[in-house]
Undergrad: 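The structure follows.
Please read these numbers as outputs of a predicted model, since none were measured by experiment. These numbers come from the heavy atoms of this one structure, side chains and all, not from hydrogens, waters or symmetry mates.
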Amino acid sequence: MFFPLLLLVCSVSTAELQVQSDNDILSHVRQTEGQVEEAESLTEQQTCTQDINAVLREMTALVAALKVEVQHLQKDNEAKQLAFSASLLASGQEYTGPFNTDITLIFRNVVTNIGNAYNPNTGLFIAPVRGVYHFDFHIYGGGSTTNPTSAVLVKNGEQICVSWTRQPAGGQKASNGVSLLLEIGDVVFLRMRANSRIYDNTDHHTTFSGHLLFTM
């Protein structure tokens with residue numbers, strides 16, 4: 001009677017131990033699954049963060065590129081807006097010349113100077129962009145049997161076109177104009193020939209003008 005009872009107790013204890021073991025294994029499995037899920041969640045978060053950072057970097061690079069493009073467009077647009085017009089004297093009235101050598105005429109009374117390519121301190125127009133420009137000039141003087149009213153449009157030291165007139169008495173005026181293909185840095189100005197004389201006053205008879213027709 002004692003031996004069967006002992007067997008029954010041992011069986012119950014073994015079953016309880018097995019149940020406890022199964023519970024421990026199940027708990028461990030659940031804990032492991034939770035750790036795996038947590039690791040997967042952290043991995044997803046890290047991947048998401050990396051994706052967001054990549055997108056932000058791309059957006060930053062795109063914004064920088066757009067800013068550069070806008071600056072280029074602004075400069076290009078500004079370069080296309082070039083025009084100037086100036087008369088010889090800033091104030092008063094007087095004759096310039098005659099001199100025994102050619103001189104550069106400096107048109108000091110600036111009426112328009114969009115783009116600031118003309119310098120009223122030197123009389124030089126310097127092309128800021130490659131393109132076709134048109135120039136006009138008008139010169140006025142008093143009649144003389146010895147001193148004509150004359151000026152030459154010069155590009156980089158090369159004579160391009162001339163205006164010239166001479167009569168014995170009274171006022172006289174000459175003009176000319178030309179379109180030129182200029183490279184960046186090309187210089188255009190007016191030169192008064194030796195023994196000539198040119199007059200200007202507050203009516204602004206003597207003028208020099210130019211503007212960009214189109215870039216190339």
Undergrad: Are F137 and F208 near enough that their ring centres are under 6.0 Å apart?
TA: no
Undergrad: What closest approach, in Å, do N201 and Q93 show between heavy atoms, and which atom pair accounts for it?
TA: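 So the two residues come closest at CB-CB, 3.4 Å.
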Undergrad: To the nearest 0.5 Å, what is the distance between NZ (K155) and CZ (F135)?
TA: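 CZ of F135 is found 9.5 Å from NZ of K155.
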Undergrad: Is there a path of hydrophobic side-chain contacts, each under 4.5 Å between heavy atoms, that joins L105 and V178?
TA: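 Yes: a chain of side-chain contacts under 4.5 Å links L105 to V178.
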Undergrad: Got S196 and P148 here, is their nearest side-chain heavy-atom distance under 4.5 Å?
TA: yes
Undergrad: Supply the atom-to-atom distance F189 CZ to T104 OG1, rounded to the nearest 0.5 angstrom.
TA: 4.5 Å
Undergrad: Kindly check if the number of other-residue, nucleotide or ligand heavy atoms within 6.0 Å of CG (N100) is above 12?
TA: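 No, because the 6.0 Å sphere around CG of N100 holds 12 heavy atoms or fewer from other groups.
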Undergrad: So which heavy atom on P120 is nearest to which on V110, and how close?
TA: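 Closest heavy-atom pair between P120 and V110: CB-CG2, 3.6 Å.
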Undergrad: Using side chain to side chain contact (heavy atoms under 4.5 Å, CB included), reason through R197 and F99 one step at a time and then give a plain yes or no.
TA: CA-CA 8 Å; R197 65 174 186 167; F99 302 106; over 6 Å; no
Undergrad: Out of curiosity, D136 CG to S209 OG, how far, rounded to the nearest 0.5 Å?
TA: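 That separation rounds to 6.5 Å.
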Undergrad: Kindly work out whether a path of hydrophobic side-chain contacts (I/L/V/M/F/W/Y, heavy atoms less than 4.5 Å apart) joins L190 to W164.
TA: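 Cluster IDs for L190 and W164 differ.
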Undergrad: Which is it for H134 and S179 under the side-chain hydrogen bond (donor to acceptor under 3.5 Å, both in side chains) test, yes or no, and what are the steps along the way?
TA: CA-CA 4 Å; H134 185 77; S179 294; 2.8 Å; yes
Undergrad: Measure the OG-OH distance between S144 and Y95 for me, rounded to the nearest 0.5 Å.
TA: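 The OH atom of Y95 is 8.5 Å from OG of S144, to the nearest 0.5 Å.
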Undergrad: Is any side-chain heavy atom of P128 less than 4.5 Å from a side-chain heavy atom of L82?
TA: yes
Undergrad: Can you find a heavy atom in the side chain of R193 that is under 4.5 Å from one in the side chain of V152?
TA: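 Sidechains of V152 and R193: in contact.
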Undergrad: Evaluate the side-chain proximity of T96 to M192: yes if any heavy-atom separation is below 4.5 Å, no if none is.
TA: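 Yes - at least one pair of side-chain heavy atoms lies under 4.5 Å apart.
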Undergrad: Please give me the minimum heavy-atom distance between Q172 and Q167, naming the atom from each residue.
TA: OE1-N, 2.8 Å
Undergrad: Is any side-chain heavy atom of L182 closer than 4.5 Å to one of R130?
TA: no
Undergrad: Run the numbers on V132 and M216 for side chain to side chain contact (heavy atoms under 4.5 Å, CB included), then give the verdict.
TA: CA-CA 7 Å; V132 176; M216 293 188 65; 3.7 Å; yes
Undergrad: Cluster question for you: counting only ILVMFWY and a side-chain heavy-atom cut-off of under 4.5 Å, with indirect links fine, are I103 and I160 together?
TA: yes
Undergrad: Under 3.5 Å, side chain of N109 to main-chain N/O of S87, donor-acceptor pair present?
TA: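 Such a contact is absent between N109 side chain and S87 backbone.
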Undergrad: Quick check against the 3.5 Å criterion: does N147 have a side-chain atom that pairs as donor or acceptor with the backbone of N195?
TA: yes
Undergrad: Looking at Y118 versus F107, is the centre-to-centre ring distance below 6.0 Å?
TA: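 Ring centres of F107 and Y118 not closer than 6.0 Å.
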Undergrad: Could you tell me the separation between the CZ atom of R191 and the OG1 atom of T101, rounded to the nearest 0.5 Å?
TA: 8.5 Å
Undergrad: Given the rule that I, L, V, M, F, W and Y join up when any side-chain heavy atoms are under 4.5 Å apart, are L124 and I114 in one cluster?
TA: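 L124 and I114: separate clusters.
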Undergrad: Atom CD1 in I139, atom CD1 in I198: separation rounded to 0.5 Å?
TA: 4.5 Å
Undergrad: Quick check on the 6.0 Å ring-centre criterion: do F125 and F84 meet it?
TA: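 Aromatic pair counts; centres sit under 6.0 Å.
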Undergrad: How close do G123 and I106 get, counting heavy atoms only, and between which atoms?
TA: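 Between these two residues, the closest heavy atoms are N-CG2, 3.9 Å.
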Undergrad: Keeping the roles fixed (side chain from Q159, backbone from V154), state whether a donor-acceptor pair exists under 3.5 Å.
TA: no
Undergrad: Between V188 and L153, does the side chain to side chain contact (heavy atoms under 4.5 Å, CB included) criterion hold? Intermediate values first, please.
TA: CA-CA 7 Å; V188 176; L153 187 136; 3.9 Å; yes
Undergrad: Check whether L181 and F214 end up in the same hydrophobic cluster, where Ile, Leu, Val, Met, Phe, Trp and Tyr are linked by side-chain heavy atoms less than 4.5 Å apart.
TA: yes
Undergrad: Any side-chain to backbone donor/acceptor pair from D186 onto A127? Under 3.5 Å, distance only.
TA: no
Undergrad: Could you check if a side-chain atom of V129 sits within less than 4.5 angstrom of a side-chain atom of L212, using non-hydrogen atoms only?
TA: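 The answer is yes; the side chains approach within 4.5 Å.
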Undergrad: Check whether D203 reaches the backbone of H205 with its side chain - one donor and one acceptor, N or O, closer than 3.5 Å.
TA: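 Here the side-chain-to-backbone pair does not exist.
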Undergrad: Side chain of T149, backbone of Y140: donor and acceptor closer than 3.5 Å?
TA: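 Answer holds: no.
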Undergrad: So which atom in D102 and which in A194 form the shortest heavy-atom distance, rounded to 0.1 Å?
TA: OD1-N, 2.7 Å
